[in-house]
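To start, the structure under review is shown below, and the notes come after it.
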Amino acid sequence: MPRRFPLSLSIERLFHWWRRIQSVMEKYDPQTIEAKWQKVWADELSFHVPNPSPEELAAHRDRTYVVEMLPYPSGDLHMGHTLNYTIGDVITHVRRRKGMQVLRPMGYDAFGLPAENAAIKEGAHPRVVTERNIASIRKQMHRMGWAIDWGREISTHQPEYYRWTQWLFLRFFERGLAYRKEAPVKWCPNDQTVLANEQVVDGRCERCGAEVEAKSLTQWFFRITDYADALLDEMDLLEDWPDRVLTMQRNWIGRSQGARVVFRVEGSGEQLPVFTTRPDTLFGATFFVLAPEHSLVSSLVAGSEHEAEVLDYVRRTAARSEVEREEKEKDGVFTGRFAVNPVNGEAIPIWVADYVLMGYGTGAIMAVPAHDERDHAFAERYGIEIRQVVGSSAVDVAEAGAFVSHSADEVLVNSGDFSGLSSPDGKVAITASLAAEGLGEEAIAYRLRDWLLSRQRYWGCPIPIIHCEKCGEVPVPDDQLPVVLPEIDDYVPKGRSPLAAAEDWVATTCPKCGGSARRETDTMDTFVDSSWYFIRYTDPHDDRLPFDREIADYWLPVNQYIGGIEHAVLHLLYARFFTKVMNELGLVGFREPFARLFNQGMLTAGGAKMSKSKGNVINPLEFVERYGADTVRLYTLFMGPADEDMDWQDTGLEGIWRFLNRLWRVAHEQAATPVAKLAEADPGDGELARKTHRTIAKVTDDIERRFYFHTPIAAVMELVNEIQRHPEDPAVRFATETAVSLIQPYAPHVAEELWGVLSAGGTRLWETRWPEADPALLAVAEVEVVVQVNGKLRDRLHVAAGTGKDELLAAVLASERVQAHLDGHEIRKTIVVPDRLVNFVV
RNA sequence: GCCGAAGUGGCGGAACUGGCAGACGCGCCGGACUCAAAAUCCGGUUCCCGAAAGGGAGUGUGGGUUCGAUUCCCACCUUCGGCACCA
């Protein structure tokens with residue numbers, strides 16, 4: 001055979017060589033084409049979005065604002081970011097191509113513990129490490145090909161940005177919404193700083209996992225508790241937030257309806273108010289408990305035989321961590337004093353016990369052991385009376401434990417004049433009776449505490465306050481902002497702010513009286529920086545104000561916010577609070593920052609959360625180098641529903657790679673086919689044309705309405721499979737172009753390249769109108785009707801779509817298989833669902 | 001303990017309004033191409049019985065509603081998430 005002879009130069013051999021050269025040239029090479037298109041987009045500022053002109057502001061355009069939570073520059077991007085920003089990218093591309101003006105910016109949450117800890121670990125200055133990380137992340141974002149408006153890039157650590165964070169803080173301060181006070185706070189011994197309640201998870205530091213300690217310190221707070229009701233009620237203004245996030249916020253705010261009831265100390269007459277959700281059980285109060293931190297404890301026991309024991313108990317409590325305090329058995333000490341129950345004048349013993357928390361309610365409780373499990377356990381341990389006042393006498397609360405059920409038929413017993421009332425009626429009646437005597441009133445308690453915003457750390461936004469001995473807390477005048485974070489050598493945390501060491505910076509003069517004064521040395525929590533960044537994006541270079549209200553009101557509220565669930569009660573609560581305050585300050589016209597929220601699921605590797613310590617962090621760049629960004633982008637979305645947790649599997653990536661190669665080949669085959677053979681442009685109305693239209697409809701609907709990002713990919717794969725099965729179909733060119741067009745939001749580089757190959761007309765896919773399905777071609781021409789006998793599938797029949805009932809029945813009854821199963825039985829009932837199924841009941 | 005979400009092949013998952021369970025992909029099996037391998041292509045792949053035709057079972061478990069249930073209702077089990085000494 002000639003082919004076995006290497007020097008043979010037959011025509012066949014030449015042709016073979018030519019094909020091989022061709023195939024080499026046409027090989028899908030993501031690195032080259034991705035670099036090519038990324039350069040075009042960067043050079044032409046393809047995704048820059050100008051702010052509206054004054055005329056446009058008036059004529060409300062079809063605009064949309066898409067924001068993904070900005071990254072902490074504490075290292076490189078990980079797969080979670082890739083997922084997050086690819087979701088945003090798909091939405092951005094689709095909306096752009098539907099003709100909307102889409103704002104889609106990006107920034108860096110550069111201040112704060114995540115970035116600072118990363119820097120300390122490296123032993124370098126936080127600014128150096130942070131800015132290097134930012135440069136690296138920016139590069140990676142470009143490499144992923146995300147359609148970001150880079151003209152609006154911001155970083156929260158830049159003076160141009162944090163000047164306005166300080167400016168906003170001062171507006172809060174002026175309104176009394178930022179204040180400084182001594183309070184019990186949570187202290188992280190590892191990070192050497194206080195934490196907000198929201199940053200304590202199961203008694204541990206949210207960032208480093210160390211058990212937090214209780215301390216009493218003077219700290220800065222935002223009065224978020226004033227907004228507890230607004231934060232709950234204005235959830236109604238949100239268009240679409242996941243229920244779980246709303247539930248978490250509701251739990252966190254923890255609104256409870258009840259009563260404030262005033263007990264008095266026997267002898268002194270001092271008032272001891274309590275908060276209770278069960279005023280109906282007031283007659284069952286058999287003891288009284290103060291939190292160890294309660295301010296009256298020391299005076300109550302002063303000079304008594306109980307003093308030493310009580311004070312010792314208070315000291316021991318203070319030494320315990322939150323976790324210890326919760327895990328140990330309930331204990332307490334008797335103070336020797338008694339409290340008078342306002343409903344019946346009964347004197348009940350006052351105890352001090354650490355199961356009562358100073359931070360909730362009034363730090364004091366009336367204990368009703370018959371109807372509260374904790375009080376019950378305590379009463380049993382110390383032999384205190386357990387007196388039932390609600391419910392049937394069939395339940396022995398002393399034996400069976402606290403009776404805490406809340407059924408409607410509960411009735412008050414042993415409750416004086418109130419006996420016989422239902423539990424809800426009893427609540428109302430007893431509260432009213434107390435109110436009449438000035439001894440109580442309806443009250444609401446919240447679990448939410450004020451937001452502790454100061455941090456004893458270097459890498460944060462300086463709090464723009466000056467402490468003057470004469471004038472007190474004096475705001476830095478607006479025209480002296482920003483208060484620039486000083487350069488210092490020793491930024492390592494050591495329990496007080498490292499800024500305190502910068503004596504030249506700390507020592508200043510009072511803006512009010514001109515006397516010598518000292519600067520506040522604490523910095524702000526990172527979450528302050530990120531509570532308003534999404535508005536700064538709209539006007540990122542403004543040096544007169546944080547943003548222009550008209551422009552902000554044009555873009556916001558954010559139409560689609562995308563990010564992880566971990567911020568459900570952190571960033572998302574704080575940003576809502578900030579927006580409400582900014583609204584009341586007249587800075588913005590809206591009350592809620594994010595109309596719609598999408599939470600992407602967590603990405604795991606080998607079933608475990610990715611973490612550096614476990615060594616299972618998946619680095620997207622590694623796969624981008626191997627397969628290209630398009631494959632990685634597609635795969636992160638193909639894994640499963642984007643709002644559920646997903647496990648990363650390397651092998652799945654191969655499937656996407658094969659798909660893109662298949663698409664590549666199909667498109668090139670189309671391009672190489674002479675146009676004459678394609679029956680000109682008309683795709684006709686055959687099955688492939690119809691399948692194409694159905695794919696358009698499904699992809700569009702899944703992305704826009706359902707927020708399903710994985711099923712559109714499957715749908716395009718199906719279409720490509722169909723194209724390969726019917727290479728001679730007149731619609732094959734139309735189907736191929738559509739497949740390329742529909743996959744563009746996911747894989748913009750390869751789609752752009754193939755679009756160029758197919759159209760050869762120089763049009764740009766990213767600017768090409770999103771395809772629209774022809775409703776007339778959505779239905780299949782011929783349907784498969786299922787025939788069941790007694791609900792069991794017995795036959796399938798192909799009929800024209802829209803076949804009438806009678807005609808359909810006749811066709812079905814003609815089926816031998818159906819007849820075999822009917823087998824002469826009497827048909828009792830026939831169900832016909834046109835174009836779907838026929839079911840005979842025999 | 002309270003609140004919420006979820007349980008579907010070997011794996012990730014699909015089935016949106018009660019109407020063909022398992023789309024799409026991975027993996028696996030068989031075949032083509034190749035000296036060979038890779039790549040690619042074709043076919044198969046829920047389980048059981050059967051050579052096949054075909055039959056039976058099947059969406060965590062048990063019940064219910066319905067001609068018909070992954071989908072609706074009740075109870076339970078499991079997993080995950082949130083809250084939790086919050087009075």
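By convention in this document, chain letters (A, B, ...) are assigned in the order of the sequence lines, proteins followed by strands, and residues within each chain are numbered from 1. Everything numeric in this text was worked out from a predicted model, so none of it was measured.
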Within the structure shown, what part of the strands sits under 4.0 Å from [X] by heavy-atom distance: base, sugar-phosphate, or nothing?
{"X": "Val785(A)", "answer": "nothing"}
{"X": "Ser256(A)", "answer": "sugar-phosphate"}
{"X": "Arg828(A)", "answer": "nothing"}
{"X": "Asn721(A)", "answer": "sugar-phosphate"}

When the [atom1] atoms of [N] and [M] are considered, how many whole Å apart are they?
{"N": "C11(B)", "M": "U59(B)", "atom1": "P", "result": "16 Å"}
{"N": "C41(B)", "M": "G60(B)", "atom1": "C1'", "result": "40 Å"}
{"N": "G7(B)", "M": "C72(B)", "atom1": "P", "result": "11 Å"}
{"N": "A51(B)", "M": "C29(B)", "atom1": "P", "result": "24 Å"}
{"N": "G13(B)", "M": "G22(B)", "atom1": "C1'", "result": "9 Å"}
{"N": "A32(B)", "M": "A69(B)", "atom1": "C1'", "result": "44 Å"}
{"N": "U61(B)", "M": "G54(B)", "atom1": "C1'", "result": "31 Å"}
{"N": "G63(B)", "M": "U71(B)", "atom1": "P", "result": "15 Å"}

With both distances under 3.5 Å as the test, what is the Watson-Crick or G-U wobble partner of [N]?
{"N": "C16(B)", "answer": "none"}
{"N": "G62(B)", "answer": "C74(B)"}
{"N": "G68(B)", "answer": "none"}
{"N": "G1(B)", "answer": "C83(B)"}
{"N": "U46(B)", "answer": "A57(B)"}
{"N": "C26(B)", "answer": "G10(B)"}

Rounded distance (Å) that lies between atom [atom2] of [N] and atom [atom1] of [X]:
{"X": "Tyr28(A)", "N": "A39(B)", "atom1": "OH", "atom2": "P", "value": "18 Å"}
{"X": "Gln649(A)", "N": "G10(B)", "atom1": "CD", "atom2": "P", "value": "16 Å"}
{"X": "Arg665(A)", "N": "U40(B)", "atom1": "CZ", "atom2": "P", "value": "7 Å"}
{"X": "Trp648(A)", "N": "G13(B)", "atom1": "CH2", "atom2": "C1'", "value": "16 Å"}
{"X": "Leu653(A)", "N": "C26(B)", "atom1": "CG", "atom2": "C1'", "value": "11 Å"}
{"X": "Met248(A)", "N": "C83(B)", "atom1": "CE", "atom2": "C1'", "value": "9 Å"}
{"X": "Asp243(A)", "N": "C80(B)", "atom1": "CG", "atom2": "P", "value": "22 Å"}
{"X": "Leu660(A)", "N": "C24(B)", "atom1": "CG", "atom2": "P", "value": "17 Å"}

Within less than 4.0 Å of OP1 or OP2 of [N], is there a side-chain N or O belonging to [X]?
{"X": "Lys330(A)", "N": "C85(B)", "answer": "no"}
{"X": "His371(A)", "N": "A87(B)", "answer": "no"}
{"X": "Arg817(A)", "N": "G54(B)", "answer": "yes"}
{"X": "Arg706(A)", "N": "A15(B)", "answer": "yes"}
{"X": "Arg250(A)", "N": "C2(B)", "answer": "no"}
{"X": "Asn251(A)", "N": "G81(B)", "answer": "no"}

Check against side chain to side chain contact (heavy atoms under 4.5 Å, CB included), Leu246(A) and Leu238(A): CA-CA 10 Å; Leu246(A) 296 179; Leu238(A) 304 172; 3.8 Å; yes

Salt bridge (Lys or Arg N to Asp or Glu O under 4.0 Å) partners of residues 709-726 of chain A, not counting sequence neighbours, each pair once: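 Found Lys691(A)-Glu718(A), Glu722(A)-Arg725(A).
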
Side chain to side chain contact (heavy atoms under 4.5 Å, CB included) between Met639(A) and Tyr635(A), intermediate numbers included: CA-CA 6 Å; Met639(A) 279 188 285; Tyr635(A) 182 60; 3.4 Å; yes

Which of the following nucleotides, [options], is nearest to the side chain of [X]?
{"X": "Lys792(A)", "options": "G19(B), G56(B), C41(B)", "value": "G56(B)"}
{"X": "Val356(A)", "options": "A87(B), C16(B), C85(B)", "value": "A87(B)"}
{"X": "Arg794(A)", "options": "G55(B), C41(B), C85(B)", "value": "G55(B)"}
{"X": "Phe638(A)", "options": "U40(B), G25(B), A87(B)", "value": "G25(B)"}
{"X": "Asp354(A)", "options": "C85(B), G25(B), C26(B)", "value": "C85(B)"}
{"X": "Leu357(A)", "options": "C85(B), G56(B), C16(B)", "value": "C85(B)"}
{"X": "Tyr708(A)", "options": "A14(B), U40(B), C85(B)", "value": "A14(B)"}
{"X": "Arg705(A)", "options": "G25(B), C16(B), G68(B)", "value": "C16(B)"}

Option from Phe659(A), Tyr627(A), Trp664(A) for which ring pair (Phe, Tyr, Trp, His ring centres under 6.0 Å) with Tyr28(A) holds: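 Only one of Phe659(A), Tyr627(A), Trp664(A) forms a ring pair (Phe, Tyr, Trp, His ring centres under 6.0 Å) with Tyr28(A), namely Trp664(A).
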
Salt-bridge present ([X], [Y]; N to O < 4.0 Å):
{"X": "Asp280(A)", "Y": "Arg278(A)", "result": "yes"}
{"X": "Asp354(A)", "Y": "Lys330(A)", "result": "no"}
{"X": "Lys328(A)", "Y": "Asp331(A)", "result": "yes"}

Side chain proximity check, Arg694(A) to Leu719(A), heavy atoms < 4.5 angstrom: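 Counting from C-beta outward, Arg694(A) and Leu719(A) never come under 4.5 Å.
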
Any side-chain donor near an acceptor of the partner, Arg576(A) and Gln249(A), under 3.5 Å: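 There is such a pair between these side chains.
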
Any donor-acceptor N or O pair under 3.5 Å, side chains Gln649(A), Asp647(A):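 On atom types as modelled, these side chains qualify, holding a pair under 3.5 Å.
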
Restricting to nitrogen or oxygen on both sides, can you table the protein-nucleotides 20-23 of chain B pairs closer than 3.5 Å?
{"unit_1": "C20(B)", "atom_1": "O2", "unit_2": "Arg796(A)", "atom_2": "NH1", "d": "2.1"}
{"unit_1": "C20(B)", "atom_1": "O2", "unit_2": "Arg796(A)", "atom_2": "NH2", "d": "3.4"}
{"unit_1": "C20(B)", "atom_1": "N3", "unit_2": "Glu784(A)", "atom_2": "OE1", "d": "3.1"}
{"unit_1": "A23(B)", "atom_1": "O2'", "unit_2": "Glu718(A)", "atom_2": "OE2", "d": "2.9"}

Minimal non-hydrogen separation, Thr803(A) against Asp835(A), with atom names: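 Closest approach of Thr803(A) to Asp835(A): N-OD1, 3.9 Å.
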
Whether Tyr382(A) and Phe378(A) hold their rings parallel, tilted or perpendicular, with breakpoints at 30° and 60°: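 Tyr382(A) vs Phe378(A) ring planes: tilted.
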
Tyr708(A) and His710(A) aromatic ring geometry - parallel, tilted or perpendicular at 30°/60° bounds: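 Because their plane-to-plane angle lies in the 30° to 60° range, the rings of His710(A) and Tyr708(A) count as tilted.
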
Assigned glycosidic conformation for G9(B) [threshold 90° from 0]: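 G9(B): syn glycosidic orientation.
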
Protein-nucleotides 45-47 of chain B N/O pairs closer than 3.5 Å?
none

